[in-house]
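One structure below.
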Amino acid sequence: MARLIVIGNGMAGHRLVDTLTRADTGRAWQVTVIGEEPRPAYDRVALSSYFDGASADDLLLGDLTDRAAQRLSERVTAIDRAARTVTTDAGTVLAYDALVLATGSTPFIPPVPGADLPGCHAYRTIEDLEAITASARGAATGAVVGGGLLGLEAANALRLLGLDTHVVELAPHLMPAQVDQGAGALLARMVADLGVKCHTGAATSAVRSGPDGRADGLDLGERVLPADVVVFSAGIRPRDDLARAAGLEIGPRGGAAVDDACRTSDPDIYAVGECASHDGTVYGLVAPANAMADTAAQALLGGTAAFTGADTSTKLKLMGVDVASFGDAHARAEGALEVVVNDAASRRYAKLVVSDDASRLLGGVLVGDASSYGTLRALVGRELPGDPLEMISPASPGAAAGPGALPDEAQICSCNAVTKGDIGSAIDGGAADVPALKAATCAGTSCGSCVPMLKTLLAEAGVEQSRALCEHFAHSRADLMQIVRATGITTFSELIARHGTGAGCDVCKPAVASILASLGNGHILSGEQAGLQDTNDHFLANMQRNGTYSVVPRIPGGEITPERLIVIGEVAREFGLYTKITGAQRIDLLGARVEQLPAIWGRLVEAGFESGHAYGKALRTVKSCVGSTWCRYGVQDSVTMAIDLELRYRGLRSPHKLKGAVSGCARECAEARGKDFGVIATDKGWNLYVGGNGGFTPRHAELLAGDVDSADLVRYLDRFLMYYIRTADRLQRTSAWIESLDGGLDRLREVVVDDALGIAADLEADMAAHIGAYTDEWRGVLEDPDKLARFVSFANAPHTPDPTISFDTVREQPVPAEPVLLGMPETATAVEA
């Protein structure tokens with residue numbers, strides 16, 4: 001087995017190891033990765049999400065420990081090409097058969113006086129972000145030197161940390177590498193509206209020192225800009241010190257020179273990412289780094305792939321502003337013409353760069369509205385399908401440039417080099433939706449900007465996305481919700497008679513039951529409603545593997561008195577139940593026979609408990625930490641907020657189960673970002689996250705609104721939950737629902753926070769109606785003899801225990817025994833349990 005050493009554990013190194021080890025089915029290579037940082041590879045592109053509440057662990061890339069040995073917190077100090085060994089700062093000497101340099105780059109710190117003062121930082125690693133956060137405590141103002149892409153992200157970070165924020169850029173406009181002056185000017189106005197002051201055409205000559213020896217201002221020549229925290233984001237430099245010391249050929253602008261196979265001047269050494277120079281160019285974007293890593297991986301396995309340059313197009317959202325550039329954005333080609341729409345009133349700038357005869361698209365810039373980016377970028381270098389002005393006109397941006405105009409070799413996903421032909425092949429192979437296309441091609445799995453194009457290509461391929469709930473209803477769940485709301489229908493039989501066919505099934509009956517329940521149509525076991533429920537809802541408890549049921553009383557926020565704890569213990573002892581504290585701060589009582597359920601509920605209801613809806617597609621829990629009441633780190637009362645939210649939304653029936661959590665500080669002990677809605681306390685109020693979930697495909701929630709007060713938090717949550725209940729598909733989790741929205745989280749924010757559809761008051765009224773009509777379902781059964789009559793094991797022997805149920809004892813508690821088949825009593829008639 002040959003030995004491969006990868007120096008650098010960043011994104012490029014991780015991509016190379018991942019690609020290589022997936023393809024190396026014969027295990028030809030034994031891989032060792034050496035990284036200076038104390039943690040495995042993480043997503044440096046998403047670094048700024050750290051200030052939106054993401055943890056260091058959230059940023060980690062996929063775990064490769066089962067495929068490669070990792071040496072963390074260790075730095076390579078020398079390469080001996082003759083002996084083919086590397087030496088680390090730990091004194092370890094490792095031999096290699098092939099070596100990959102993936103050392104990345106270092107941030108450029110301008111050589112100005114005071115740049116090394118306390119309070120001055122780079123913006124490159126998680127450690128940098130932690131240091132910036134520490135410096136921001138007690139600070140009032142912050143300044144970023146550099147108005148490029150990363151500089152604006154750093155400025156947003158300072159803004160989120162509560163600082164009065166400034167950006168200083170030497171060029172006459174922001175983002176000079178990506179956009180032109182017109183786009184930069186509009187971007188500056190839009191950024192200024194968010195409270196970030198931009199100073200373009202300004203040079204920093206020194207960092208001023210305050211009385212405490214820390215940074216307190218930037219000297220801009222004619223004036224001094226106050227700044228307690230200074231972040232340098234003035235570009236990067238290839239980290240090529242090892243390559244230089246080893247005598248490798250260096251590119252004209254730094255970086256180890258590589259050929260099309262990403263080999264350096266030493267055929268046993270490769271270089272990928274920001275430390276490599278290909279044809280004199282050093283790329284600082286993720287797409288070229290990925291392409292170089294894939295090329296080198298294939299070369300190591302004997303392949304002939306070639307890296308011949310990369311698409312440097314970018315599309316991003318900076319502080320809520322869409323910005324995109326592609327191709328020859330600065331019209332540097334000879335004879336290039338520019339077609340510009342600069343609509344300052346609508347905050348929209350669009351420019352297309354075309355050939356001298358206006359027949360081919362060369363590049364472009366979009367600010368404010370980048371919805372046509374996917375199609376336009378794919379057309380670069382190709383014949384224009386229509387009038388370029390019409391393609392960027394406000395009336396129908398991109399109308400003349402639909403995906404149908406693109407040839408098969410046009411690249412749809414630049415991050416993963418996926419062409420339109422690749423997408424078409426995947427569709428022909430059976431991929432019928434966006435998740436299937438992602439799985440088949442990797443398109444849309446990196447930055448996600450091409451996802452709208454994937455949807456369009458599916459539609460143009462004639463792949464019809466059925467919205468039918470089941471064979472009995474041609475409508476989707478969301479359509480049926482609107483029909484029921486508009487018509488006032490209160491029963492399943494009336495709904496299927498007027499809008500469906502047949503008698504219904506186990507798909508549509510529970511779904512309609514949920515719709516009716518969410519619109520306040522009486523007790524879930526009343527009349528016809530009872531026959532629509534699945535087993536769990538039918539008995540208001542979860543069926544277990546041995547035919548018994550679990551009982552989960554609601555314990556809002558996880559807070560419980562000693563007296564109520566004693567009651568739960570007494571009930572468990574009296575009925576011989578297995579007890580377990582769940583991960584959601586509740587107590588689960590398992591092993592109850594169906595005829596025992598009302599008696600158990602009666603004891604619990606008498607003690608003040610109610611149904612925890614563990615059996616239903618409804619709100620389960622709102623978990624909390626102890627918050628500022630007890631914790632020395634807490635900044636808000638998370639327990640009270642969690643209790644208030646759980647009591648507000650209890651009994652709320654929804655397309656899928658709902659879970660929430662409230663954390664009293666950014667340490668996130670309640671794991672709020674793994675919930676459908678998560679609330680995290682800040683010094684100024686609350687951050688609201690939505691769309692997280694555990695389950696088979698875990699997802700982290702994303703920030704919907706930041707630093708809101710309690711009233712706005714509840715208002716936004718009311719709207720979010722009701723909008724979800726109205727429009728989501730059957731059994732669609734909030735995460736998948738948000739992803740399915742046209743515009744995703746941004747569109748959701750427009751509807752929930754900005755009331756773009758004008759339905760906020762209606763959504764709030766629906767929630768108020770639910771809150772006003774709430775009653776406990778357990779108590780509803782106990783107070784109704786007809787409902788109580790359903791809770792029997794045998795219709796003709798209601799007090800006879802089911803003889804097929806038996807238990808073993810494990811750790812002094814009853815657990816299900818293996819089933820023993822017994823004959824039924826002759827006088828008993830079994831009913832479904």
Side-chain angles (χ1 to χ4, degrees), residues 48-55 58 119 129-144 152-167 191-197 226-229 231 318-321 557 622 624-645 660-673 675 677-690 692 700-720 745 748-749 752-755:
S48 294
S49 64
Y50 181 87
F51 295 103
D52 280 333
S55 68
D58 295 334
L129 271 56
E130 291 173 342
I132 291 169
T133 302
S135 289
R137 297 190 185 104
T141 59
V144 178
L152 292 180
E153 288 198 3
N156 191 44
L158 296 184
R159 182 178 71 93
L160 291 174
L161 288 170
L163 302 185
D164 183 20
T165 304
H166 301 260
V167 173
V191 168
D193 288 344
L194 297 171
V196 175
K197 304 171 186 65
D228 305 313
V229 179
V231 176
L318 291 165
M319 291 181 270
V321 181
V622 181
S624 78
C625 62
V626 297
S628 58
T629 306
W630 292 96
C631 180
R632 58 197 173 105
Y633 298 107
V635 294
Q636 302 288 352
D637 184 355
S638 58
V639 178
T640 296
M641 177 58 74
I643 291 172
D644 289 347
L645 294 179
V662 183
S663 286
C665 74
R667 293 165 66 89
E668 247 285 72
C669 292
E671 301 168 333
R673 294 189 68 230
K675 304 294 188 290
F677 62 89
V679 180
I680 301 177
T682 72
D683 291 334
K684 298 179 180 178
W686 307 96
N687 284 345
L688 173 58
Y689 294 83
V690 295
H700 275 103
E702 298 179 275
L703 184 68
L704 181 68
D707 289 331
V708 298
D709 60 25
S710 297
D712 279 341
L713 172 70
V714 171
R715 188 176 299 115
Y716 295 157
L717 263 176
D718 283 357
R719 298 174 186 176
F720 164 71
L745 181 70
L748 180 65
R749 186 179 292 111
V752 169
V753 178
D754 303 329
D755 193 17

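Just the heavy atoms: all of them, side chains too, but no hydrogens, waters or symmetry mates, feed the values below.
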**Check: R749 side chain, L703 main-chain N or O, donor-acceptor pair, under 3.5 Å** = yes
**Item:** Beyond-backbone contact of T640 with V662, side-chain heavy atoms, under 4.5 angstrom
**Value:** no
**Asked** Shortest non-hydrogen contact from V231 to A154?
**Response** CG1-CB, 4.0 Å
**Request:** Report yes or no: does R719 contribute a side-chain atom to a donor-acceptor pair with the main-chain N or O of V752 at less than 3.5 Å?
**Result:** yes
**Prompt:** How far apart are the closest heavy atoms of L161 and A136, and which atoms are they?
**Reply:** CD1-CB, 3.9 Å
**Asked** Are the side chains of L645 and V679 in touch, meaning some heavy atoms are under 4.5 Å apart?
**Response** yes
**Asked** Can you name the closest pair of heavy atoms from A642 and G557 and give their distance?
**Response** CB-CA, 4.1 Å
**Prompt:** Going by heavy atoms in the side chains, are K675 and V622 under 4.5 Å from each other?
**Reply:** no
**Message:** We want to know whether N687 and T682 form a side-chain donor-acceptor pair, criterion being a heavy-atom distance below 3.5 angstrom.
**Reply:** no
**Complete:** Output for pair (C625 SG, R667 CZ), nearest 0.5 Å, gives 10.5 Å
**Message:** Tell me the closest heavy-atom pair linking A672 and I680, and the distance in Å.
**Reply:** CB-CG1, 4.0 Å
**Fill in**
Scanning both residues in full, the closest heavy-atom pair of C665 with G634 reads CB-CA, 4.3 Å
**Message:** If I compare all heavy atoms of A681 with all of V635, which pair ends up nearest, and what's the gap?
**Reply:** CB-CG2, 3.7 Å
**Complete:** Residue set satisfying side-chain hydrogen bond (donor to acceptor under 3.5 Å, both in side chains) with S663, at least two apart, ordered chain then number -> E668
**Message:** List the residues meeting side-chain hydrogen bond (donor to acceptor under 3.5 Å, both in side chains) with D193, not counting sequence neighbours, and say none if there are none.
**Reply:** R347
**Item:** CG (D707) with more than 12 external heavy atoms under 6.0 Å
**Value:** yes
**Prompt:** Say you draw a straight line from OG of S624 to CG of D644; how long is it, rounded to the nearest 0.5 Å?
**Reply:** 11.0 Å
**Prompt:** Say you draw a straight line from NE2 of H166 to CG of L158; how long is it, rounded to the nearest 0.5 Å?
**Reply:** 10.5 Å
**Item:** R715 and D712 ion-paired at < 4.0 Å
**Value:** yes
**Message:** Nearest 0.5 Å, please: how far is OG1 in T141 from CG in D228?
**Reply:** 3.5 Å
**Request:** Please examine the side chains of F677 and L704, heavy atoms only from C-beta on, and report whether any two atoms are closer than 4.5 Å.
**Result:** no
**Complete:** Rounded to the nearest 0.5 Å, the OG atom of S638 sits from the CD1 atom of I643 at a distance of 9.5 Å
**Prompt:** How long is the gap from CD on Q636 to CG on D683, to the nearest 0.5 Å?
**Reply:** 8.0 Å
